[in-house]
Asker: 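Please see the structure below; I have some questions.
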Amino acid sequence: MKITSFEVRCVNVEMAPHRTASGVITVSPLVLLTLGTDAGVKGHSMTFTYTSAALKPTADLIKNLESLVIGQELAPGAQTDSLAARFRLLGTQGLVGMALAGIDMALWDAFARAHALPLVALLGGAPRPIPAYGGVGYDGVDGSARAAEAWARAGLRGVKAKIGYATLQEDLAVVRAIKAAVGPGVAVMVDYNQSLTPTEAARRLRALDAEGLEWIEEPVLAHDYAALASLASTLDTPLQAGENWWGPLDFRHAFESGVRDHCMPDVMKVGGVTGWMRVASMSQALGVPVSNHLWPEISAQLLMATPTAAWLEYADWWNPILLRPLELKDGQARVADDTVGTGVEFDDAAVAKYAA
């Protein structure tokens, strides 16, 4: 089976406002790729550019790479490695890395569809439930508690709140309000989004250590491995990081630096399915629990194929353009019995509605 075409489309999907320390997100800018083959099998993927300013450049880059794979065999790992080799001098991070990962995800989707299998089965795993948590924005004490309670009422097993307020007292107030709202049976995580200096992180995390949190995410810059390892050595609460690490090499460097409490690859930044599975192997060897960042549809199946899988970060941001969004039952992600590929398939009418 050979690759014959790339169809690249751009959308801005409207979403409920999601507040962060750096602003409010109201739309998801996505590049949608549909990869064609000479057997009529298609593969789909989504690339999230965070800002609309990067939407067209990313789409153009993916389309420009089409000529490098047209006529090539549908062999995802080999194609991804071949494309990465062409960008050794430019580098495979940023927009280049996002484009390569988008292509990789579409290649694996087509490959699994060609075998009439869900991605998890193609990777040698078996469908199994993965506990899911929902995200809470930078919404203050009352807003965070209400959002967390809504996730708990929906049956999710955990909630994760963005913190990093002006004072430690505000952080603690948000955490305690959320714990009171969801009750003892729901795990609570927090995310600082890299907002603290190492010195301030040490001060705040010592206080948070007594709150019974599932993890504390990215308290300092994501690539400050030394600071993360130093903080982890002083705490009982695990630290979480990885959504901003690019490719398996970043994960290797982090693990070698002692950053091993938890990790959460982002399938777009880690290098698609190919990059994820390489990180999953490293994590298994070191006993590091693996969760995900976004992409719940494909990430759920990747977690099912990951021996040290922990939590699925669930978000419904991109559901409006999908024919069959991911199913949750009893607070856990599941793969429908008739799923083939990654489960990503576009609702063309909705894509036209949100076209950018």
Side-chain angles (χ1 to χ4, degrees), residues 3-18 25-37 39-52 54-56 58-60 62-63 66 98-99 101-120 122 127 130 132 134-135 154 266-268 272-273 292-302 304 312-329 333-356:
I3 303 162
T4 58
S5 64
F6 283 6
E7 180 187 13
V8 182
R9 294 177 286 180
C10 296
V11 293
N12 274 313
V13 180
E14 295 174 2
M15 53 181 278
H18 183 69
I25 302 171
T26 59
V27 297
S28 287
L30 301 171
V31 179
L32 312 181
L33 171 61
T34 298
L35 178 148
T37 68
V41 176
K42 295 182 178 180
H44 309 286
S45 73
M46 298 180 288
T47 304
F48 177 42
T49 67
Y50 290 86
T51 170
S52 295
L55 189 57
K56 189 174 186 302
T58 305
D60 288 344
I62 291 174
K63 187 64 176 177
E66 179 184 36
M98 292 159 59
I103 294 169
D104 181 89
M105 285 187 271
L107 287 166
W108 279 103
D109 185 38
F111 197 53
R113 289 175 185 274
H115 290 82
L117 291 171
L119 177 65
V120 57
L122 188 78
I130 301 290
D266 173 302
V267 67
M268 180 183 74
V273 175
N292 70 297
H293 178 248
L294 294 180
W295 281 267
E297 293 76 22
I298 187 170
S299 295
Q301 293 202 53
L302 290 171
M304 291 172 191
L312 176 87
E313 180 178 64
Y314 177 74
D316 58 3
W317 298 355
W318 309 331
N319 285 4
I321 61 164
L322 297 176
L323 283 177
R324 297 179 62 185
L326 178 69
E327 295 181 359
L328 293 181
K329 184 178 180 181
R334 301 172 185 269
V335 175
D337 292 340
D338 58 349
T339 297
V340 291
T342 64
V344 172
E345 197 162 358
F346 303 126
D347 179 335
D348 289 334
V351 170
K353 173 184 176 181
Y354 293 112

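In this chain, numbering begins with 1 at the start of the sequence shown. If you're wondering where the values come from, they're calculated on a predicted model, not measured in any experiment.
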Asker: Show your working on side chain to side chain contact (heavy atoms under 4.5 Å, CB included) between Tyr314 and Leu326 and close with a plain yes or no.
Answerer: CA-CA 9 Å; Tyr314 177 74; Leu326 178 69; 4.3 Å; yes
Asker: Please check if the side chain of Asp347 supplies one atom and the backbone of Leu322 the other of a donor-acceptor pair under 3.5 Å.
Answerer: no
Asker: Would you mind reporting whether Val340 and Leu117 have side-chain heavy atoms less than 4.5 Å apart?
Answerer: no
Asker: Taking all non-hydrogen atoms of both residues, which atom of Val120 and which atom of Pro127 are closest, and how far apart?
Answerer: CG1-CG, 3.9 Å
Asker: Do you know the tightest heavy-atom contact between Gly341 and Ala112?
Answerer: CA-CB, 3.6 Å
Asker: What's the separation between atom CG in Leu328 and atom CZ in Arg334, rounded to the nearest 0.5 Å?
Answerer: 9.5 Å
Asker: If we count only N and O atoms by modelled type, under 3.5 Å, do the side chains of Trp317 and Ser28 hold a donor and an acceptor together?
Answerer: no
Asker: Would Trp295 and Leu302 satisfy side chain to side chain contact (heavy atoms under 4.5 Å, CB included), going step by step from the backbone distance to the final call?
Answerer: CA-CA 10 Å; Trp295 281 267; Leu302 290 171; over 6 Å; no
Asker: If we ignore hydrogens and angles and just use 3.5 Å, is the side chain of Lys42 paired with the main-chain N or O of Thr37 as donor and acceptor?
Answerer: no
Asker: Working to the nearest 0.5 Å, report the span between NZ of Lys63 and OG1 of Thr58.
Answerer: 15.5 Å
Asker: Any side-chain to backbone donor/acceptor pair from Glu313 onto Leu294? Under 3.5 Å, distance only.
Answerer: yes
Asker: Please assess Val31 against Lys56 for the test side chain to side chain contact (heavy atoms under 4.5 Å, CB included), listing each intermediate value before the final yes or no.
Answerer: CA-CA 8 Å; Val31 179; Lys56 189 174 186 302; over 6 Å; no
Asker: With a 4.5 Å cut-off on side-chain heavy atoms, are Cys10 and Leu32 touching?
Answerer: no
Asker: With a 3.5 Å distance limit and no angle check, can you tell me whether Ser45 reaches the backbone of Met105 through a side-chain donor-acceptor pair?
Answerer: no
Asker: OG1/Thr342 to CG/Asp109 distance, rounded to the nearest 0.5 angstrom?
Answerer: 3.5 Å
Asker: When you check the gap from the basic side-chain N to the acidic O, do Arg9 and Glu7 get nearer than 4.0 Å?
Answerer: yes
Asker: Can you tell me if CG on Asp338 sees more than 12 non-hydrogen neighbours from other groups inside 6.0 Å?
Answerer: yes
Asker: Taking the side chain from Thr339 and the backbone from Gly343, do they hold a donor-acceptor pair closer than 3.5 Å?
Answerer: no
Asker: To the nearest 0.5 Å, what is the distance between CD1 (Ile321) and CG (Leu30)?
Answerer: 5.0 Å
Asker: For the residue pair Met98 and Thr49, what are the closest heavy atoms and their distance?
Answerer: CE-CA, 3.8 Å
Asker: Using every non-hydrogen atom in the two residues, find where Asn12 and Ser52 come nearest and quote the distance to one decimal.
Answerer: OD1-OG, 3.2 Å
Asker: Can you find a pair of side-chain heavy atoms, one from Asp266 and one from Asn292, that are under 4.5 Å apart?
Answerer: no
Asker: Looking only at heavy atoms, which two atoms of Pro29 and Leu55 are closest? And how far apart?
Answerer: C-CD1, 3.8 Å
Asker: Carefully, step by step, assess Glu327 and Lys329 under the rule side chain to side chain contact (heavy atoms under 4.5 Å, CB included).
Answerer: CA-CA 7 Å; Glu327 295 181 359; Lys329 184 178 180 181; over 6 Å; no
Asker: Using 0.5 Å steps for rounding, measure from the CE atom of Met268 to the CG atom of Asp104.
Answerer: 13.0 Å
Asker: Taking all non-hydrogen atoms of both residues, which atom of Ala336 and which atom of Arg324 are closest, and how far apart?
Answerer: CB-NH2, 3.3 Å
Asker: Please round to the nearest 0.5 Å and tell me the distance separating atom OG1 of Thr34 and atom CG of Asp348.
Answerer: 8.0 Å
Asker: Look only at the side chain of Glu14 and the backbone of Val27, and say whether a donor-acceptor pair between them is shorter than 3.5 Å.
Answerer: no
